[in-house]
Amino acid sequence: MLLIHCPHCREDREEEEFHYSGEAHIVRPLEPENLSDEEWGDYLFFRKNPRGIHHEMWHHTAGCGRYFYATRNTVSYQILETYMVGEKPQHTADSAGASQ
Amino acid sequence: MKRYSGFSLFKNALSYHENWQKIWRSPKPKSDYDVIVVGGGGHGLATAYYLAKVHGITNVAVIEKGYLGGGNTARNTTIIRSNYLWDEAAQLYELSLKLWEGLSQELNYNVMFSQRGVLNLGHNLQDMRDIERRVNANRLNGIDGEVVTPERVKEIAPLINISRDCRYPILGASWQPRGGTARHDAVAWGYARGADALGVDLIQETEVTGIRRKNGAVVGVETTQGFIGARKVACVTAGNSGVVAAMAGLRLPVESRPLQALVSEPVKPCLDTVVMSNAVHGYISQSDKGDLVIGAGVDGYNGYGQRGSFHVIEHTLQAICELFPAFSRVRMNRQWGGVVDTCPDACPIISKTSVDGLYFNCGWGTGGFKATPGSGYVFADTVANDRPHPLAAAFNIDRFNTGALIDEHGAAGVAH
């Protein structure tokens, strides 16, 4: 059971209150009609799926109902930070590699 | 390889079973192979076996970072069926089921394949419509199946609760009598023994750390035992497929998720079939040892940790207790997780890649065990001939760009 800090509610709440919503920072194409099949497939289906530091979106479904981002290690499941949509992460794969 | 038989059992009994031959060799890696299979699970070992057996390519190595069959092959709930909705998937899983039916004889190794039948329960009107559609599609594809009433479900699995006064009453089911279970470890060991006897080198505790390429073609793999050359590299690494693909600069449309399973204490025989339910989200069978083998859904988030969240198995056990009230008093013994590589359309990727000589067989998600023989068979053919096997063609990685997806979420067993 993960304990997740919702940056909106400013509280640590149980994983069951949240819904995972996939990789974070995916930019919706501004002109989807101009994309090639490769670009459109990449946007829809291809994800980073890293073994290690992952930036992802969570939805506080049973709480405030709002979205936020989290940086989580996909091997240890440790959540390094949660932050607001629109903000940049403090922890990245590069910074984690440097600190290890 | 000495064949197993009643006579060999008798002969070895005379020497207190101390002189059985080793099931496979543990060779040092050669400097060069025709084909290297990355990943020594069931699918990888089956691939190596069929490369040697069907295509006569015996200069093959299987490189496994842990021990053979120690990943998802050892972590699944051993359910085998072929009642998939779409033609492409149904034919692939049906090929697999047909291979299962002769596998113990083919390998001279008892994989304990037991065709005890599989029930997929329906709990609401839409479930029943989907089941009728799927069973009809199955029968058109020559796959056995029938739609059965709650009373027939009760005959097949007498402990099940078919009363209408529960939250999700059973309205019927699809029934595939040829489905069943097999001994998961034995499948890996049987293929390993068969491949080894044909000359395949099984190299354990050796991790592939890089894929060396030259002019857009594979030349070998970097490992913890040094560089090993190969003309072709076939990757069958399940949950870690994305990591291996990244070594060759490729991306895959897979996401790795923890999938859990659990077993109870051993109890007397009480369930001689496999019961699955999409709507209440659980599946259960009983092993020959007597433990109830229970599957849970995937966890909600990506993870490589080979463990999962407690509330997921709690949710699954709620479903099991509703279906089988008698099991509410059974104690659970062990719980574990595996890392499954899920595809957006719940179908696998069996494909060449943009790198010459590099092949991927992955994305089996939550249902790869049942496909072990068929997956190895078509993948070996794809690798040997450098073109997709006819049954594998639809599972090309290009489908995520062309849009020709094979949406098997409905028949993938449990809703994810």
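The structure presented is a predicted model; accordingly, all values stated were derived computationally and were not measured. Lettering of chains follows the sequences in order, A, B, ..., and the numbering in each one begins at 1.
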Subject >> Top contributor to chain B contacts, counting heavy-atom pairs under 4.5 Å, from A:Thr74, A:Leu44, A:Asp42 >> reply: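 If we count pairs closer than 4.5 Å to chain B, A:Thr74 comes out on top.
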
Original post:
Among B:Val243, B:Leu252, B:Asp299, who wins on heavy-atom pairs under 4.5 Å with chain A?
Top reply: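 Max contact count across the listed options: B:Leu252.
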
Original post:
Pick from B:Gly308, B:Ala246, B:Pro344, B:Gly403: which one has the most heavy-atom pairs with chain A under 4.5 Å?
Top reply: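 It is B:Pro344.
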
Original post:
Any side-chain heavy-atom pair from B:Asn302 and A:Arg72 closer than 4.5 angstrom?
Top reply: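 Yes, side chains in contact.
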
Is [X] in contact with chain A via its backbone, its side chain, both, or neither, using a 4.5 Å heavy-atom distance?
X: B:Asp341; result: neither
X: B:Val254; result: both
X: B:Arg307; result: both

Just how far is it from atom [atom1] of [X] to atom [atom2] of [Y], taken to the nearest 0.5 Å?
X: B:Tyr304; Y: A:His54; atom1: OH; atom2: NE2; value: 9.0 Å
X: B:Ile397; Y: A:Phe46; atom1: CD1; atom2: CZ; value: 5.0 Å
X: A:Trp40; Y: B:Phe400; atom1: CH2; atom2: CZ; value: 16.0 Å

When you look at [atom1] of [X], are more than 12 heavy atoms from neighbouring residues, nucleotides or ligands closer to it than 6.0 Å?
X: A:Tyr43; atom1: OH; answer: yes
X: A:His19; atom1: NE2; answer: no
X: B:Glu205; atom1: CD; answer: no
X: B:Gln225; atom1: CD; answer: yes
X: A:Leu3; atom1: CG; answer: yes

Original post:
So, the side chain of A:Arg47 versus the backbone of B:Glu255: is there a donor-acceptor pair under 3.5 Å, distance only?
Top reply: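 Here the side-chain-to-backbone pair does not exist.
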
Original post:
Under 3.5 Å, is there a donor-acceptor pair between the side chain of A:Asp37 and the main chain of B:Thr402?
Top reply: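 Side chain of A:Asp37 to backbone of B:Thr402: no pair is present.
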
Original post:
Looking only at heavy atoms, which two atoms of B:Pro258 and A:Tyr77 are closest? And how far apart?
Top reply: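 Distance-wise, the nearest heavy atoms are CG-OH, 3.3 Å.
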
Subject >> Pi-cation contact, A:Tyr20 with B:Arg257 (under 6.0 Å, within 45°) >> reply: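 Checked: cation-pi criterion not met.
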
Original post:
Aromatic rings A:Trp58 and B:Tyr301: how do their planes relate, parallel, tilted or perpendicular, breaks at 30° and 60°?
Top reply: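 If you compare the ring of A:Trp58 with that of B:Tyr301, the planes turn out tilted.
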
